Structure formats: structure tokens, C-alpha cells
Amino acid sequence: MSNTAQIIVNIPARSLDKPFSYNIPINLPNIQVGSRVLVPFGNRKVEGFVVGLADENPETLKPILDVLDDHPWFDSNMLATANWLSEYYLCSLGEAMRLFIPGQSGIRTQKAYQAPAETDMKRVEALLSCKPEEYRTTLTYIYERGLATLPELTKLTGNMGAIIKFFLQHKLIVHADTVSKRGKANSTIIIKLAVSREVAEQIEQTLPKSKTAQRRLLSALLDTDTQELTAAQLRSLSITLETVKRLAAQGLVTTRSVPVFRNSYAGSHQRTTEVTLTLEQSHALQLITPAIHSGIHRSFLIHGVTGSGKTLVYIKAVAEARCLDRQAIILVPEIALTSQIVARFKAEFGDDVVVMHSKLSVGERHDAWRRLQTGQAGIVIGARSALFAPVSHLGLIIIDEEHEFTYKQEETPRYHAREVALTRARLSGATVILGSATPAVETYYQALQGEHILIPMNNRVDNTPMPPVTVVDMRQELAQGRRSVISQSLQDMLTETLAKKEQAVILLNRRGYSTFVLCRECGHVLKCRHCDISLVYHAPANVLRCHYCQERHTIPDTCPKCSSRYIRYFGAGTQKVEEALTALFPSARIVRMDQDTTGGKMAHDRILSAFAAGTYDILLGTQMVAKGHDIPNVTAVGIISADTALNLPDFRAAEKTFALLTQAAGRAGRGAKAGQVVMQTYNPEHYAVTAGAAHNYQAFYQEEIVFRRQLDYPPFSNLIKITVQAGDEITVHRNANLLAIELTQSLTKTDSAIIGPFPASVNKIKDVFRVNILIKTQGLSTVTRQLSALGMASRRDLIVDIDPVNVL
DNA sequence: AGCACGCCGACT
DNA sequence: GTCGGCGTGCTC
């Protein structure tokens, strides 16, 4: 038997990123690796995670105070995943483990104080004699109560800081934090009728009309065979425990608490309505099903066009996993924009599904986690955080729209859900399904390399064709003297659509409204000679600058390609487009949707449902109008400037553009009526635009992969972004330069290139200046280990981002 | 992260 | 002469 435990304390500080040893007292049974415990730490009490057991000399160690859960919270797969995550993404083990628990901590502590073991009253008097009266009142209060919490004391005499400090210093009191466990609801309640049916019926009749909830509860109880109702049934009847209490007070019902049983799903059957699978769907399942049954980790990439029926494949795969009594995690990019898929899973699997919103309260999160942990539910759908659900028999992870950038967490730990999913699944022998109409270039490359099994789904379920796309060359428009942001073709399409009483969606990628410089005559965009990346206009200095290599260029008067003088900073904001539309179609009902008009998620939903209900004719907005919804009456999609994202100084610009165009085009003609799409662009011959217009992923990929290979961008390398932060501009640049030198020296043997330092695109946030350094490497694990050894992970003025999604 | 200990300026 | 600033260092 081991007598000591290695424990990671749950305190978010890099300097605590090492295990501490504690004595396991004999009265605390069942402390295992993975247990959450309460330990004394300094003069505080904190939550700790047991990561190892050993035999040491327990004499010198403090003892574990308590165990927080009945069973260890972390199983070996979760622990291994956390370990991997902390090494790969260079965060502390504690930070990685914290991802797996609901909320920040499993305990709530309150500062409290008590008398020390021995008190010398003479000394106390001497010390108090020269102090104000509050000192005496406070100390008396603590001594009389035996223990007093800080809020109590504050109420007594106001701000306590100085007094407490004085007492502590002179050892008149000692720390004695009080601790309460969170979410210890490991049982559920059963309500039973306490009187005979006849009596109950009679009472139900005679209850006053006003007590509707009580009547409903009684009649629901009478409707059952056993005269019992569960808490879940109560919830579905929307009867609160308050009502139950009232009836219980009258002696009509009794309640009892029963422990929650594991695997309540086992044996019950999913209600899959018999649907005929398409050939592609059943082919996909023929590949996936054996993998799920084998219990050997495999990963699949379903490359399926919009409307090819990926969701049904997901549902069938989840059903397979559930039949084997293994759990499934389904990740969606943003729960608010994907309510359709959630609804389908709910309809299919009912209470076996747990939905994780980002806005769940800590308590609700706890409940959701607990339902999974106890086996009351076996399916979790949610954003990336659902990946850390405490399920012990993981069988399947699905990542829908795997190319979405929301899968990357933009604060520490900066993990990518796809990578973590693959790792957790590998460690658990689970299957992974990645799904997308426009897979990330990296993912598709991996699939072609055989790392994932590629499953193409090229046909729509209903065999409707993809909408035809008209590409409008805005240079031609200008040549013909048309200066409006709305091209002739777009205007014609809208006229036609409005005449037919159908609806249109207009997408404007707002992020492009500034910065880059473009020739309106030939479409040429000024680029850096060394980086093949668009130059960015910097207003204060009035220069063009490359964000990758820092080179400065003066602004030419004429286009270097065609010598035209129509060289401009390009941009058309949403408002400008709205004005133009109103001028062209005065009677059309137009609604604008962007970050400015949607205050919160509700506004977003409200606008969309109003539009779906036909309250508006034209929906104009940023990227969010391109996602998720499926409105049959939308037959026209217009894209104002298909190429704005192309000109961002980002090596993923083409990929982002292509995905957005494909997604937007997919909005048209989802119902019985045929759709059409107009894409306006200054780069009609760019492969991201032509491939997007042709709905042709292959064409895009073939071009893009060549570019990536030439410049050694991912998937042919890994990137690491290090952001240097400082309060003033001089320091930040000095530190960044020093760091760059240090990196150059220490990474010479690792096949890495160092790019920068260059100012971050947002170079000052909340008065902190930011400068980036990029490392492009072929030996990621060696480099991360070195960075770790150099102490980069614990420096507070640095942010280390492995595989950054945003390199600017 | 907290909270101690510890070494230098403005006040009774 | 003290109170109190927040700079380093430690927490099993």
C-alpha cells in the first residue's frame, strides 16, 4: 500500500507546475490516481488532483484532508490526455487537468480564523492595550465563536485587513478556511403518493382552481401505475420542487432520495425511424461501423458537400457506439448556430443527450457532467469544451465542420479540439469522425497520407444540383463606368428574386474594409517581395509594411503592374452596401446582421427567425449569414467582395476564402426552388474564387497544397507563435529582439526558421504592447521541449501558441 | 495565486 | 524613531 500521494494543486500559477507529496491518512480510503482531494497548502486549503502514488517518508508531510468525489474524477485516459496536452501545448499539467472539471474548482473556500492552540491571555491584553477598541471586539468575537469567517468579521467592524494581519502576525489567531464541496448531488428524488387513489382524486377535485401546479402534480401521479414520479418527469411537466414541498406539507405525497444508477441507458433502444440511406451514406457506415466495434482507434474524414446527409451518418454511428454501451462526444463549432443538428440528436436519442452550451451556469455544467459520469446520459453535444466530458468508455468522437477555426482555443491552454480529440480517442481506443464540406488543408493532406480514412460524399440526398454561380469581375464593372458596390448581375438577380417574392442573402466579409491596397483597374494587390503576402497600409506612418518580414515600402502613385492611377485602399463597409441596396430597391425590406447590430446571441436568433418567417426580403451581413441556417425561400445569394479575405496577410487567406464562398453558395436553393449565386471579385482568376464558384474542392486543394509546399507552411511544417508583451513599446521590441536572438542560437539544430519579430496585427491591447515571433519547424516536439527547458512556458510576458490559427 | 518575510521612504 | 510601500520566495 502506498502511503503518499503526488498531487497537482489546482491553482492557476505556472510556478506551481509540479506535484507536491502528501501523506494519505488511513481514514481516507480509496484515494487513487485521478482522485480530487482537499489538501492544506501554505495556510490555505486547496483542491488537488492525485497524479501518482508512492512510498515516501510520511513524517515530514502534511496529510490529505478529504476526498471530493466518490470515485476518482480522472480515469487513465483522461489523465494521459491531460499529460499529452500539457506537453504538446506547453501549459502546466494543472491547467490541462482543469479543462476536465466543471467550473474552476470543485470546492468553494471561505477565509476563516480561529484561536491558536494555546493563548497567553496576559500577552493578548498587552498587545490589545495600545490598540483601538475594534481590535478587542474582533478578537473577542473570534474567541467566543471558536471560528469566524471573514465576511462575518467584515460585517462586524468593516474593513478587517489591518486588524487580521496584526493578529496573524502576533499569532493571536490562525487561518482556518472553511471548505464546501460543489455539486454533490449524486442522487435523484422520487415522489410518491402518500394517500389512497380515492382520497387523492377527491382532493384533486376540491383543490381551489388557483393551485394549478398542485392539481397537475396530483393528476400526473394518478396517471401512473406506481403512483410515483421521477425528478426528470417532474421537470418535463414543469413542476417545481416548491409545489412538491407544499403537497408534502399536507401529507399527500412523500419524497425519497435514491442514488443514481449507472448505465440507465443500457437496454433501452434508440428510436431511429426507418429511413433509407443513400448509397454514399451506407458506404460510409460500412467503413465506420467495424471501426467502432473493433475498439481500435481509427479516424475518418467525411468530405461531404452541403446537403449530402452527413448528420444521418453521425446519428447512425453514435447509435452503434451506444449499442456497445460506449459513449459519444459530438463537437459543433458554435452551439447557437447549429441548433438543427442538436435538435436531430435530441429527437433521436432523447435524454441520452447532454447539451453543453457555453453559457451554462457552473451548477448546470456540473449536472450535465454528472449525468455523463454516472451513465445517465451517454452522448454529449457541445462546443470544444465538450471534448473534456468525463466519460469512461469513450467510443466515438465526431467533429462537425472540422475546418472551423472556433475549434482552436484562443486562451491558455491554446489547444485545437481536433488534435486533442484524435489524441483522446487514440488513448481510449475510440473512433473519430471528422466532417466537412471544405476540410482544412492540413486534415485533407493527412487523409491523403493515410492518417484518416477518406470518405467522399459527393451527392446531395435529394439530388438537387448545386446552385450555378456567376462570377462578376469588378474590374470590368469599373471599366464600364459602373462604380457601385452592387454589380449589374447582382442587381439583376435581386430584381428577379424580389419579383418572385423569394428571398436573398448578401454576404459582405467586413474584415476586409481597410488595410490592403489594390488597383481598381487591374485588380493587382501590392505584395511583399519576400513573403508573397499582402502589404498592409499603416496610417500613422503612411507606409506599406509586410507583417511577416517587417520590410517597409513607400506607397506608389501608380499601379506597378498596369500603371493605372486608380490605386486605392480598398473597402466597402456594411452600411455603404445597405445604402446602395436601399437606393436600388426602395421597397425591399432589408435587414442587416453583423457584430454591430447583433448585441447578443438572442438578437442573432431573432433576426434569423424573422428573416426565415418572411419579415424581410434581403438579409445583409457578415460571415454569420453564411452559416447554419437552411431557409427554403432563399434562392439568391450575393457575395459583395469574394476576395476580401484573400488579401489578408495570412497564409491561410485562400483557405478561408474558399471555405466561406463554398458555405455561402450552399445557402441558395435549399428548398424545392432552384437557387443562384453571384460572386463579385477583383480576382476572378484566383483559384480560391474559381474553385469556390465551381463547388470544386479538389481544384482548390491541388493549387493550395503546392503553395504550402513551396513556402513550407503547414502541413509541411508546424508553426509556433510567441507573443512578447510589455507595457511600453521600447521594452517590448527590446525583449522581442533578445528573444529572437536567443531562439536563433538555441534552435540551430532543430530544422527551424525564425520569422520576425513583427508587431502583432493588434499591436496594443489594453495598454500592453505585443510583438510576435513565428517559428516554422520540422521538429515540433524537439522545439517545444527546448522552449520548455528555456522557461518560455512559465514566463509571464510571453504567450506561446502551438499551431496558431491566427498568425498575425 | 496568496501570503509571508524583508528592506527603504514619509509621518506621529 | 514607526508604518507601510511592494519586491522576492515559498507553498508537500
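Quantities reported herein were computed from a predicted structural model and do not represent experimental measurements.
For Tyr135(A) and Phe167(A), the distance between ring centers is under 6.0 angstrom. Close placement of the Phe388(A) and Tyr415(A) rings is indicated, their centers lying within 6.0 Å of each other.
Distances shorter than 4.0 Å separate some side-chain N or O of Lys111(A) from OP1 or OP2 on dC3(B). Within the 4.0 Å cut-off from OP1 or OP2 of dA1(B), not a single side-chain nitrogen or oxygen of Arg98(A) is found. A sub-4.0 Å separation between OP1 or OP2 of dT11(C) and a side-chain N or O of His175(A) is absent.
For the pair Leu53(A) CG and dC12(C) C1', the computed distance is 15 Å after rounding to whole Å. One atom, CD1 of Ile164(A), and another, P of dA4(B), lie 11 Å apart when rounded to the nearest Å. In this structure, NZ of Lys18(A) is placed 9 Å from C1' of dC12(C), rounded to the nearest angstrom. Between Phe166(A) atom CZ and dG4(C) atom P the separation is 12 Å, expressed in whole Å. In this structure, the CZ atom of Phe41(A) is 14 Å from the P atom of dA4(B), given to the nearest Å. Whole-Å rounding puts the Leu16(A) CG to dT11(C) P distance at 11 Å. Rounded to whole Å, atom C1' of dC12(C) lies 12 Å from atom CG of Leu65(A). Distance Gln6(A) CD to dT11(C) P: 16 Å, rounded to the nearest Å.
Using a 3.5 Å distance cut-off with no hydrogens or angles, the side chains of Tyr141(A) and Glu152(A) do pair a donor with an acceptor.
The aromatic rings of His366(A) and Trp73(A) stand perpendicular to each other, their planes meeting at an angle above 60°, with 30° marking the opposite boundary.
Between Ser15(A) and Leu168(A), the residue anchored closer to the 5' end of DNA chain B is Ser15(A), taking for each the nucleotide with the nearest heavy atom.
Looking at the side chain of Arg44(A), the nearest of the listed nucleotides dG2(B), dA4(B), dC12(C) is dG2(B). When each of dA4(B), dA1(B), dT11(C) is scored by its nearest atom to the side-chain atoms of Asn43(A), the top-ranked nucleotide is dA4(B).
Backbone-only contact: Pro40(A) has heavy atoms under 4.0 Å from sugar-phosphate atoms and none from a base.
A salt bridge is absent between Arg785(A) and Glu87(A); no separation between the charged side-chain nitrogens and carboxylate oxygens falls under 4.0 Å.
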